[in-house]
Every structure is written in structure tokens, then in C-alpha cells.
Undergrad: 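Below is a structure I'd like to ask you about.
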There are 2 protein chains.
Amino acid sequence: MKLTAKGRYAVMAMTDLAAQGAGALIPLSDIAARQKISLSFLEQLFRQIRRAGLIESQRGAKGGYRLEQAAADISLDQIILAVDEPIKTHGCTPEARHGCTGSSERCLTHDLWGALESHIGAFMSSVTLADVVAGRVTPSIVLDMEAAE
Amino acid sequence: MKLTAKGRYAVMAMTDLAAQGAGALIPLSDIAARQKISLSFLEQLFRQIRRAGLIESQRGAKGGYRLEQAAADISLDQIILAVDEPIKTHGCTPEARHGCTGSSERCLTHDLWGALESHIGAFMSSVTLADVVAGRVTPSIVLDMEAAE
DNA sequence: TTAAACTTGACTAAAATAGTCGGAATTACT
DNA sequence: AGTAATTCCGACTATTTTAGTCAAGTTTAA
């Protein structure tokens with residue numbers, strides 16, 4: 001899972017949308033103003049998010065966007081994956097130049113990248129928009145996991 | 001913590017070095033050949049890793065690199081931080097254009113990025129070179145953490 | 001003396017990122 | 001019917017970052 005500014009903006013905008021209440025149609029211009037993100041850029045992001053099925057739109061005057069599902073049912077990884085290309089963690093693919101599939105044996109770090117990927121994914125899929133809006137995402141979540149290890 | 005191909009190569013090369021045994025001086029050309037990484041590029045990486053104090057070098061014929069500490073005492077985040085700029089997770093800094101420090105209140109997602117950062121950091125600092133060499137890094141580590149949640 | 005190896009800084013090509021632009025389609029309201 | 005608000009779309013582009021090269025050293029073992 002790639003973590004870029006684009007994904008950050010998408011999460012910020014979706015959080016804003018979720019914070020506006022459940023059923024209302026919110027025009028992008030409102031979100032753009034509140035989050036200080038250019039409208040054009042937001043349009044591009046929301047286009048992708050809509051195609052992923054996370055939001056629904058209504059065109060025309062008084063139109064806007066609303067969440068397709070409840071905020072508690074939308075996890076952050078869904079948002080990130082909607083706007084960024086999915087994978088990018090390890091180069092151990094047949095196409096990669098320096099991957100380990102070229103050589104006969106697996107490279108020593110092969111499993112590592114997979115584990116890292118899973119680790120990040122587990123976190124992002126465990127946090128929902130509702131969590132973020134409610135301020136339930138704090139470093140304590142992480143500390144809990146570390147302590148439990 | 002940024003996760004790029006550069007950091008990956010650094011970890012791969014350091015793993016290779018650790019796998020060669022404790023005290024021996026290993027020339028970079030050996031690692032370059034085994035890991036299929038260009039020698040020039042490796043030189044650049046090892047320069048940064050040496051400055052970070054993770055390895056020591058001996059110049060001249062029969063020279064090379066060896067780990068400064070035991071493989072069990074070198075964690076992956078030390079390697080990543082040595083070759084990549086440290087931070088890059090959230091834009092909530094004074095310099096950032098769209099950060100939350102500009103507005104009076106904190107942005108809703110502020111804590112989130114910090115938590116994500118901690119989460120990734122916790123993983124990378126919990127894994128040592130010795131773990132990777134011994135093949136102790138598998139997705140099961142992640143599953144353990146999830147199950148414990 | 002020679003060859004192996006590290007050291008350094010500057011440079012660069014390619015890729016990815018972040019974001020723009022112009023226009024078209026749709027809808028509510030008057 | 002007309003107008004303003006709004007989503008929708010694809011293509012385009014400037015900037016930044018990444019990945020990697022290059023040329024010219026310095027140091028040491030044999």
C-alpha cells in the first residue's frame with residue numbers, strides 16, 4: 001500500500017465528508033474550502049473514490065456527495081486503495097530487475113516485505129472513518145499492540 | 001519513515017553483510033554481485049550507513065565492510081533512517097501548505113498520521129538483522145499482533 | 001609499485017507525484 | 001426557458017523525487 005500525499009488528502013476529505021453528517025449532500029467546494037485543497041484536485045480524487053463505491057453523488061445544483069455506507073463501515077485502506085495504485089512494497093516480482101525470483105533461491109528479505117505490507121494493511125483496515133471523526137485514533141492504539149506482543 | 005526502493009536495497013545489502021558472518025571484512029563488490037545491485041549505488045548507500053554508525057570500513061586491498069554491532073542489535077529502522085530522509089507521513093508541519101497548523105484547530109486526521117507513523121516505526125524497530133537472516137520474519141508476526149488486539 | 005578497495009561530491013535520466021485546464025453533462029430554481 | 005451550481009471527464013504539465021552514474025580521488029596489502 002502506497003502512502004502518498006494524494007492518499008492523505010483523500011482521507012482528509014473523506015473524514016470531512018463523514019463529519020458533516022450522514023445523509024446530507026455536500027458539495028465539493030465546501031470540502032475544498034474547509035480542507036484547503038484545490039477543487040480540481042478534489043474532483044479528481046472523488047471521481048476515483050466514487051468509482052470504488054465508497055460515495056455516491058448527485059449532479060446539478062444542490063448536488064454533492066455523501067457516503068455510500070456508514071462511516072463505521074468504511075476503512076481507511078479502502079480510501080487509500082481507491083486513489084493510489086495498490087502495491088509497491090517489494091520488488092520480488094517477475095518483472096522487477098533486482099527481485100529475488102530471478103535467482104534460484106528466495107532472497108533473504110523476501111518474507112520481510114510481505115510482513116511489512118501486512119502490518120501496514122492491518123492497521124489501515126482496522127481504522128474506520130467513524131474512528132477518525134470520533135478522535136478514537138491515537139498513538140495508544142499502537143502502544144496497545146506493542147505491549148501485547 | 002519513508003519506504004522506498006533505496007531503503008529496500010539498503011536492508012537487502014545489510015542482510016547480506018550480516019549473513020556473511022560476524023568479523024570478516026566483506027568488499028562491496030561481493031555484495032553487489034550477490035544482490036545484483038550496482039556497485040556505485042551500493043557505495044552511495046554504504047557511505048550513509050557508515051556515517052550512521054552501523055558499519056565500519058577498512059580501506060585498501062583486502063578491505064571492506066563489517067557490522068559495527070551484533071546483527072541482533074541492528075534494527076531495520078536504523079538502516080532505513082540512515083539512507084532515507086526520516087519523516088514524510090503527515091503534512092501537519094509549519095512549513096506545509098495544507099497542514100493543520102495553519103488553521104486554529106487541529107485537523108481531524110492529525111492524530112491519525114502520527115499513529116500510523118508509530119505503527120510502522122514499531123514494526124521496523126522490532127525486527128533486527130539477525131531476525132531476517134534467521135528467517136524469523138514471517139507474516140505470522142503480524143498475525144500475532146492482530147490476534148492480540 | 002600495483003591493484004584492490006573505500007571515499008567523495010556532483011551530476012543526470014527517468015519516473016512518479018501533485019495538480020491544472022477546458023469543456024461537457026446534469027439538475028434545481030426562478 | 002434560462003441560469004447558476006454542481007458533478008464528470010480526459011488530457012495535459014510542471015515539479016519533485018528517485019535511482020543511479022561518473023570522474024577523480026585516497027588508503028592499504030602484497
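Lettering of chains follows the sequences in order, A, B, ..., and the numbering in each one begins at 1. This structure is a prediction, so every number in the text was calculated from the model and none was measured.
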Undergrad: Are B:L39 and B:E43 close enough that some pair of their side-chain heavy atoms sits under 4.5 Å apart?
TA: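 SC-SC contact between B:L39 and B:E43 confirmed.
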Undergrad: Counting just side-chain N and O atoms, does A:T4 come under 4.0 Å of either OP1 or OP2 of C:dA18?
TA: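 Answer is yes, contact under 4.0 Å.
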Undergrad: Write down the distance between CD1 (B:I37) and P (D:dT18), rounded to a whole number of angstrom.
TA: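 So the CD1-P distance, B:I37 to D:dT18, works out to 17 Å.
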Undergrad: I need the CD-P distance between B:E56 and C:dT7, as an integer number of Å.
TA: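 Rounded to the whole Å, the gap is 11 Å.
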Undergrad: Looking at the side chain of B:R47, which of C:dT20, C:dT8, C:dT7 is the nearest nucleotide?
TA: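 The closest nucleotide is C:dT8.
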Undergrad: Taking B:Q78 for its side chain and B:S75 for its backbone only, find out whether a donor-acceptor pair lies under 3.5 Å.
TA: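 Here the side-chain-to-backbone pair exists.
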Undergrad: Between the base of D:dC8 and the side chain of A:E43, is there a donor and acceptor pair under 3.5 angstrom?
TA: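 Such a pair exists between side chain and base.
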Undergrad: Starting at atom CG of A:L45, determine the distance to atom P of C:dT20, rounded to an integer number of angstrom.
TA: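 Computing the A:L45:CG to C:dT20:P distance gives 11 Å.
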Undergrad: Closest approach of B:I49 and B:A10, non-hydrogen atoms and distance?
TA: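 Here B:I49 and B:A10 meet closest at CD1-CB, 4.1 Å.
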Undergrad: Do A:R136 and A:D131 sit within salt-bridge range, that is, some charged N less than 4.0 Å from a carboxylate O?
TA: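 Counted as a salt bridge, because a side-chain N and a carboxylate O are separated by less than 4.0 Å.
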Undergrad: Among the nucleotides D:dC9, D:dG20, C:dG19, which one has an atom lying closest to any side-chain atom of A:Y9?
TA: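 Of all the options, the side chain of A:Y9 is nearest to C:dG19.
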Undergrad: How large an angle, rounded to 10°, do the end axes of the helix from C:dT1-D:dA30 to C:dT30-D:dA1 enclose when each is built from five base pairs?
TA: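 End-to-end axis angle: 10°.
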Undergrad: Measure from CG on A:L42 to P on C:dC21 and round the result to the nearest Å.
TA: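 For the pair A:L42 CG and C:dC21 P, the rounded distance is 16 Å.
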Undergrad: Please tell me if B:S38 has a side-chain N or O lying less than 4.0 Å from either OP1 or OP2 of D:dA19.
TA: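 For D:dA19, OP1/OP2 do not have a side-chain N/O of B:S38 under 4.0 Å.
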Undergrad: Could you state the atom-to-atom distance from NZ of A:K36 to C1' of C:dG19 in whole Å?
TA: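 Going from A:K36 (NZ) to C:dG19 (C1'), I get 18 Å.
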Undergrad: Under 3.5 Å between N/O atoms: give me all the protein pairs with nucleotides 1-5 of chain C, atom names plus distance.
TA:
from	atom 1	to	atom 2	distance (Å)
C:dA4	N3	B:A61	N	3.2

Undergrad: Output the rounded distance in Å from CZ (B:R8) to C1' (D:dT18).
TA: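 Distance check: B:R8 CZ to D:dT18 C1' gives 12 Å.
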Undergrad: What is the distance, rounded to the nearest whole Å, between atom CZ of A:F46 and atom P of D:dC8?
TA: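 About 11 Å, once rounded to whole Å.
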Undergrad: Give me the ring orientation class for B:F41 and B:Y9: parallel if the planes are under 30° apart, tilted from 30 to 60°, perpendicular past 60°.
TA: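 Answer is perpendicular, since the angle exceeds 60°.
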Undergrad: Among A:L129, A:T128, A:V137, exactly one meets side chain to side chain contact (heavy atoms under 4.5 Å, CB included) together with A:L76. Which residue is that?
TA: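 With A:L76 as partner, side chain to side chain contact (heavy atoms under 4.5 Å, CB included) holds for just one option, A:L129.
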Undergrad: Quick one: B:L39 CG to C:dT8 P, roughly how many Å, whole number?
TA: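 From B:L39 CG to C:dT8 P: 15 Å.
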Undergrad: How many angstroms lie between atom CG of B:L42 and atom CG of B:D30, to the nearest 0.5 angstrom?
TA: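 If we round to the nearest 0.5 Å, B:L42:CG and B:D30:CG are 11.0 Å apart.
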Undergrad: Below the 4.0 Å mark, does C:dT7 have OP1 or OP2 next to a side-chain nitrogen or oxygen of B:R50?
TA: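 True: B:R50 side-chain N/O within range (under 4.0 Å) of C:dT7 OP1/OP2.
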Undergrad: Just verifying a value: how many Å separate B:I55 CD1 and B:L67 CG, rounded to the nearest 0.5 Å?
TA: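 Those atoms lie 8.0 Å apart.
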Undergrad: Are the side chain of B:Q44 and the backbone of B:S40 linked by a donor-acceptor contact shorter than 3.5 Å?
TA: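 Checked: no pair found.
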Undergrad: For C:dT7, does OP1 or OP2 lie under 4.0 Å from any side-chain N or O of B:R51?
TA: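 No, because none of the side-chain N or O atoms of B:R51 sits under 4.0 Å from OP1 or OP2 of C:dT7.
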Undergrad: May I ask you to say whether B:R50 pairs ionically with B:E56, meaning some side-chain N is under 4.0 Å from a carboxylate O?
TA: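 Between B:E56 and B:R50 there is no salt bridge, as every charged N stays at least 4.0 Å from the carboxylate O atoms.
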Undergrad: Hey, is the side chain of A:K2 poking within less than 4.0 Å of OP1 or OP2 on C:dT17, counting only N and O atoms?
TA: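 Answer is yes, contact under 4.0 Å.
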